Number of protein chains: 2
Amino acid sequence: MDVKSILLGFLMRGSMTGYELKKVFSISFSFFSGLSYGSIYPALKKMEQEGFITMRLEIQDGAPNRKIYTITDAGRKAFTEALRAPFSFERTKSSFLTKLFFFAYLSPEERIAAVTKHLESIKEVHRELEAARTEIEAHADRYQYLCFEFGLRFFDALTRNVSQVLRALEEKHAEVTT
Amino acid sequence: MDVKSILLGFLMRGSMTGYELKKVFSISFSFFSGLSYGSIYPALKKMEQEGFITMRLEIQDGAPNRKIYTITDAGRKAFTEALRAPFSFERTKSSFLTKLFFFAYLSPEERIAAVTKHLESIKEVHRELEAARTEIEAHADRYQYLCFEFGLRFFDALTRNVSQVLRALEEKHAEVTT
DNA sequence: TCGATCATGTAATTGGTTACATGATTGC
DNA sequence: GCAATCATGTAACCAATTACATGATCGA
């Protein structure tokens, strides 16, 4: 699903500004995606032209004006169509795997350091996700909670997998240095 | 690592044409990446201008001419620098997770069908990877073999993870329909 | 007073993909 | 005769990031 469909998905629940959409997106998708204003605002503008959303300008006193976007029937239709569209499995471009592929060109120490660092950053994202638990439990619906659990298990598995690579590298290293 | 660094990585082993690079890339990276001529040829041309590779035109009789690219010292340096550069953990944009997030807008049957289909495509990629085993065992170095094993374990874990989502959906569905 | 939060947007650039264009040879 | 393999490339397009640009208010 593309940015537009995701934005429509959030607008299914209620009207929002671009700024607010960025926020809910960050909270909900932080651990597996990201979105910047540079793609949100142009997407909203275009969807308004296409008739998927309507805009109401709210003049605020002492604060910047806000553009509140509301989904239309055409927008709802476009969203559910996107949701029902078959999605092909996308191959994950992993810079970790790409580097591992060329590890022969690094020294044993560099190899171990690189994998250890990668492992740390995976654990860090795992911790971040775990830290969001209460927030998620309070606001997520059943399926969004399944996403959260999926994420936790995904990072658990990834940690185990990368650890195994690390162990293999350490074994080899020990073999050579002893 | 970007396309250029990957191409340089392959050229570290020996000189090749763009066509051959596409082939070795597809064999080695198929399960987690992809690369098209539309990015290979312009990248080679640019790297030649930058002095990372040199080109020798081979005139062939009865076959199209080939441009054989060879890595230079500057290219080797650029490659090892890219390999040593710290790489941040990239959040995997998963269209499966994105859809799951909005599953409330699908019917129970549609949810189960979508996840079942996704599970099938993961298993398919797993089979493809397993099918490449003999090819990989014959040509891969130690680290490339670790990539292969990482891939197998990754898809195993993914299969288990998505299966768990499916079971959760089926339980709920059974609860309602019985 | 300084940084965060609210709030919107554009321009330049990146890093690709897909489709198009060409054309000979080899094997079924 | 037709598909696949060899071999190179361009043009149009797409989706998104990053940096730039603006500016008020609020709390520590």
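Just so it is clear: chains get the letters A, B, ... in the order the sequence lines come, proteins before strands, and each one is counted from 1. Note that this is a predicted model, so its numbers are computed, not measured.
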Atom pairs under 3.5 Å: protein N/O with N/O of nucleotides 22-28 of chain C:
none

Return yes if a side-chain donor-acceptor contact under 3.5 Å exists between A/Asp156 and A/Thr159, otherwise no.
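No, no side-chain donor-acceptor pair sits under 3.5 Å.
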
Rounded to the Å, how far apart are [X] [atom1] and [N] [atom2]?
X       : N      : atom1 : atom2 : result
B/Tyr69 : D/dG9  : OH    : P     : 5 Å
B/Gln60 : D/dT5  : CD    : C1'   : 13 Å
B/Glu58 : D/dT8  : CD    : P     : 10 Å
B/Leu57 : D/dT8  : CG    : C1'   : 11 Å
B/Tyr41 : C/dA19 : OH    : C1'   : 16 Å
B/Lys22 : C/dG16 : NZ    : C1'   : 14 Å
B/Ile68 : D/dC6  : CD1   : P     : 15 Å
A/Tyr19 : D/dA24 : OH    : P     : 17 Å

Between the protein and nucleotides 14-17 of chain D, which nitrogen or oxygen pairs are less than 3.5 angstrom apart?
unit_1	atom_1	unit_2	atom_2	d
D/dT17	OP2	A/Ser36	OG	2.8
D/dT17	OP2	A/Ser39	OG	3.2

Would you find a donor on one side and an acceptor on the other, under 3.5 Å apart, between the side chain of A/Thr80 and the backbone of A/Lys77?
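Such a contact is found between A/Thr80 side chain and A/Lys77 backbone.
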
Before you tell me yes or no, could you show the steps for A/Ile40 and A/Tyr19 under side-chain contact (heavy atoms from CB on, under 4.5 Å), namely the whole-Å CA-CA distance, both residues' side-chain angles and the distance that decides it to 0.1 Å?
CA-CA 9 Å; A/Ile40 291 173; A/Tyr19 189 81; over 6 Å; no

Can you classify the ring geometry of B/Phe29 versus B/Phe25 as parallel (below 30°), tilted (30 to 60°) or perpendicular (above 60°)?
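Geometry flag for B/Phe25 against B/Phe29: parallel rings.
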
Take the angle between the ring planes of A/Tyr41 and A/Tyr37 and call it parallel below 30°, perpendicular above 60°, tilted in between.
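Parallel, since the angle between the ring planes stays under 30°.
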
Is the distance between the ring centroids of A/Phe102 and B/Phe79 less than 6.0 Å?
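Between B/Phe79 and A/Phe102, which both carry aromatic rings, the centre distance is below 6.0 Å.
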
Can you name the nearest heavy-atom pair linking A/Phe31 to B/Leu97, along with the distance?
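Scanning both residues completely, I find the closest heavy atoms to be CE1-CD1, 4.1 Å.
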
Select base, sugar-phosphate, or nothing to describe what A/Lys23 touches, counting heavy atoms under 4.0 Å on all strands.
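Result for A/Lys23 = sugar-phosphate.
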
Residue pair A/Arg111, A/Tyr105: steps toward the side-chain hydrogen bond (donor to acceptor under 3.5 Å, both in side chains) verdict:
CA-CA 9 Å; A/Arg111 289 194 276 260; A/Tyr105 300 107; over 6 Å; no

Is A/Glu124 salt-bridged to A/Arg127, cutoff N-O under 4.0 Å?
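Here A/Glu124 pairs with A/Arg127 in a salt bridge, since their nearest N and O are under 4.0 Å apart.
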
